[in-house]
2 protein chains.
Amino acid sequence: MKTPTIQDVAQHAGVGVGTVSRVLNNHTAVKPATRETVLKAIADLNYTPNPHARRIAGGKSYTISVLLPVLTTEFYARLLNGLENAFQEARYDLAIFPLLDRSRLERYLASHTLAYQADGLVMATYNLTKVFHERRLQTRQPTVLVDAYTDDSDCSYMDNLTGGTLAGAYAATLPGTLYAVWVETELDQLFTTRVFEERRTGFHAALEQAGRRVEAEYTASFDTLAARNTATALLDDVAAKANGFPCTVFASADLLAGALMDEARVRGLTLGQDVRIIGFDDQPWAAARGLTTLHQPVEAMGYEAAQLLLSRLGGYRGPPRASRFEPHLIVRDSS
Amino acid sequence: MKTPTIQDVAQHAGVGVGTVSRVLNNHTAVKPATRETVLKAIADLNYTPNPHARRIAGGKSYTISVLLPVLTTEFYARLLNGLENAFQEARYDLAIFPLLDRSRLERYLASHTLAYQADGLVMATYNLTKVFHERRLQTRQPTVLVDAYTDDSDCSYMDNLTGGTLAGAYAATLPGTLYAVWVETELDQLFTTRVFEERRTGFHAALEQAGRRVEAEYTASFDTLAARNTATALLDDVAAKANGFPCTVFASADLLAGALMDEARVRGLTLGQDVRIIGFDDQPWAAARGLTTLHQPVEAMGYEAAQLLLSRLGGYRGPPRASRFEPHLIVRDSS
DNA sequence: TTGTATGCGTTATCAG
DNA sequence: CTGATAACGCATACAA
């Protein structure tokens with residue numbers, strides 16, 4: 001049994017294909033009665049329009065491509081949820097393209113790829129608009145950046161500067177020497193995010209404001225092992241000082257903070273006393289482990305990104321818009 | 001400037017569209033000379049065929065859908081790599097659909113979704129063929145299961161039974177009492193994987209074979225927090241026993257093993273002496289932390305899955321085939 | 001070996 | 001308001 005086409009529906013409803021198409025797209029007034037008939041036929045035949053044909057016909061395919069870094073973190077799961085919810089309401093489908101490495105990106109940029117054939121593009125964390133430009137790949141589709149910021153397209157972003165500031169301001173109120181751990185992200189010129197850079201700027205600004213400064217800073221790449229090693233190195237260094245403890249550490253990602261908590265525990269240090277730790281992300285486990293951290297409204301950010309894109313798809317033509325979201329500090333036992 | 005179509009190429013090359021299409025699809029003999037001309041025209045115009053049009057024309061879209069669980073683990077990154085490599089060689093594109101929850105699955109199953117419109121389907125870890133059947137959604141596309149096993153479709157899977165057996169056989173040679181930690185996966189009837197069940201079966205069989213048995217078993221869901229809590233509970237229990245140490249623990253996933261290593265360290269237990277730990281996965285950090293574990297040829301498994309699907313796409317009609325891969329034990333310091 | 005015509009499922013245009 | 005019919009970009013039988 002073949003899948004029903006718009007022809008079948010038209011026949012079943014005793015109308016022309018044009019009419020069916022019109023009810024499908026909520027077009028110009030269709031007589032309520034005939035609309036009902038068509039809707040019933042659609043239901044009867046369990047018909048769903050073919051997105052490829054839609055796209056071919058010059059219409060829309062009702063699919064959005066999402067380009068994002070490898071999804072090994074909770075952040076992107078939450079982000080996808082926010083995006084999904086918004087797009088689903090608007091009856092759009094999502095196709096996800098994890099940017100594993102540069103060669104994958106190259107392929108996505110080849111215009112034959114589905115990624116490039118969707119009605120709209122969501123780029124998460126990375127700002128690839130530059131690349132598109134260089135390749136003279138004028139993006140015909142509207143694009144929105146999420147978790148990243150640029151002047152020349154819509155974006156929905158977290159204010160990591162404020163996040164860093166909040167962390168710094170809070171850290172400044174705590175006793176003992178100050179340390180910070182940052183995330184290394186310069187894998188490749190293309191794959192660069194300013195997220196951690198901004199957290200750092202904000203953090204330092206707040207510290208300066210309070211007349212304090214960090215004793216030392218550390219950098220780790222974003223993986224379990226690096227987090228552990230850095231935690232070890234940091235606490236080794238602190239322990240080697242005359243009066244290293246108490247100290248306060250701002251770890252710019254919960255992954256790093258978690259490793260620090262582990263390491264502190266191994267050394268018999270009391271959290272919130274010998275060592276105070278501030279994370280960033282508010283991962284699902286943060287509450288249970290009592291980690292003081294910055295919570296980000298990730299879903300909301302994704303949802304908003306979707307709205308921005310949907311308005312463009314709806315025909316909105318205006319200057320690029322930027323929706324800013326603020327993280328907020330959640331104080332728990334670790335500090 | 002519009003993107004070039006097959007018409008433009010034909011015109012530019014001074015041939016008919018049919019000829020262009022033929023060279024595009026490596027069809028029946030095209031005179032080498034004209035083939036060259038066409039190829040040059042294609043290059044000149046930077047032409048790439050429109051996948052939607054291809055699909056509509058009754059042909060193929062050269063895209064494969066991959067349905068997989070949320071990508072928060074290294075396993076799926078590696079799997080995707082294997083799949084990508086194989087499909088790329090065959091000039092197929094991949095669209096990834098993370099199965100966040102049941103409602104998402106429902107939507108993917110709605111036939112209008114792109115997921116369902118691809119030339120082929122790869123289902124990772126979960127066997128969704130049952131669901132397809134129940135819905136009477138006869139999958140028109142060829143489907144391959146990876147990291148899962150079923151009788152009625154091609155699959156490329158890891159022999160987790162053997163993995164468990166290897167772990168059990170090795171554990172049986174170690175001194176002290178035996179413990180095991182399993183992963184809870186029964187989130188939903190749909191989302192069920194037999195992976196851990198099989199590891200368990202193999203493990204017990206090997207133990208029995210060696211005339212040994214586990215003192216106690218534990219179950220944790222697959223997340224950092226649960227892993228920690230279980231590790232704590234397990235070591236608490238062991239410590240409460242008269243002669244609990246030395247002991248050996250088979251953690252059926254490296255995530256769990258890592259948590260155990262942490263916890264053991266906190267308690268001042270010596271790994272490979274007081275506590276011996278065997279993991280499963282060989283995560284990137286396992287070597288550095290000296291974790292004895294089962295290594296899986298994940299990329300190879302993905303690559304093979306792709307080959308199976310490609311052969312079906314190439315017209316192969318035969319009974320379902322199953323490609324089996326074996327994990328192997330890597331002994332390190334933790335045991 | 002190659003060009004032409006037809007069809008794929010929709011949307012959009014245009015008469016009615 | 002609605003029904004034909006022409007695109008859309010491509011593959012493919014069919015004819016040459």
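Lettering of chains follows the sequences in order, A, B, ..., and the numbering in each one begins at 1.
For the pair A/Arg324 and A/Asp159, the salt-bridge criterion is met [side-chain N within less than 4.0 Å of a carboxylate O].
Here D/dC10 presents its P atom at 12 Å from CG of B/Leu45, a figure rounded to the nearest Å. A straight line from OH of A/Tyr62 to C1' of C/dG9 spans 15 Å, rounded to a whole angstrom. Whole-Å rounding puts the A/Leu24 CG to D/dG3 P distance at 15 Å. Between B/His52 atom NE2 and C/dT10 atom P there is a gap of 14 Å when expressed in whole angstrom units. The separation between B/Asn50 atom CG and C/dT10 atom P is 16 Å, rounded to whole Å. Atom CG of A/Asp8 and atom P of C/dC8 are 11 Å apart (whole Å). As a whole-Å value, the separation of B/Arg55 CZ from C/dT10 C1' is 15 Å. Protein atom CZ of A/Arg35 is 14 Å distant from nucleotide atom C1' of D/dT2, rounded to whole Å.
Note on B/Ser21: a base of the nucleic acid sits closer than 4.0 angstrom, heavy atoms only. Looking at heavy-atom distances under 4.0 Å, B/Val20 makes no contact with the nucleic acid at all. Using a 4.0 Å heavy-atom criterion, one finds that B/Tyr47 contacts the sugar-phosphate atoms exclusively.
The closest donor-acceptor contact from the side chain of B/Arg321 to the backbone of B/Leu308 lies under 3.5 Å. Panel note: side chain B/Arg55, backbone B/Asn50; no donor-acceptor pair is recorded below 3.5 Å.
Taking side-chain N and O atoms only, A/Arg54 has a distance below 4.0 Å to OP1 or OP2 of C/dT11. Contact between the side-chain N/O atoms of B/Thr34 and the OP1/OP2 oxygens of C/dT2 is found at a separation under 4.0 Å. For B/Thr19, a side-chain nitrogen or oxygen approaches OP1 or OP2 of C/dG3 to under 4.0 Å.
Of the two residues near DNA chain C, B/Ala53 and B/Gly16, the one whose nearest nucleotide lies more 5' is B/Gly16. When each of B/Ala33 and A/Asn25 is assigned the nucleotide of DNA chain C with its nearest heavy atom, B/Ala33 is the one assigned upstream, toward the 5' end. Along DNA chain D, the nucleotide nearest B/Gln7 and the nucleotide nearest A/Val30 are compared for position; the residue whose nucleotide lies closer to the 5' end is A/Val30.
Taking only side-chain atoms of A/Lys31, from C-beta outward, the nucleotide of D/dG9, D/dA11, D/dC1 with the closest atom is D/dC1. Here C/dG9 is the nucleotide among C/dG7, C/dG3, C/dG9 with the atom lying nearest to any side-chain atom of A/Ala57.
No hydrogens or angles were tested; on distance alone, a donor-acceptor pair under 3.5 Å links the side chain of A/Arg22 to the base of D/dG3.
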- Query: Where do B/Asp93 and B/Thr63 land on the side-chain hydrogen bond (donor to acceptor under 3.5 Å, both in side chains) test, with the steps shown first?
  - Reply: CA-CA 4 Å; B/Asp93 278 315; B/Thr63 53; over 6 Å; no
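Other residues, nucleotides and ligands contribute at most 12 non-hydrogen atoms within 6.0 Å of the CZ atom of B/Arg194.
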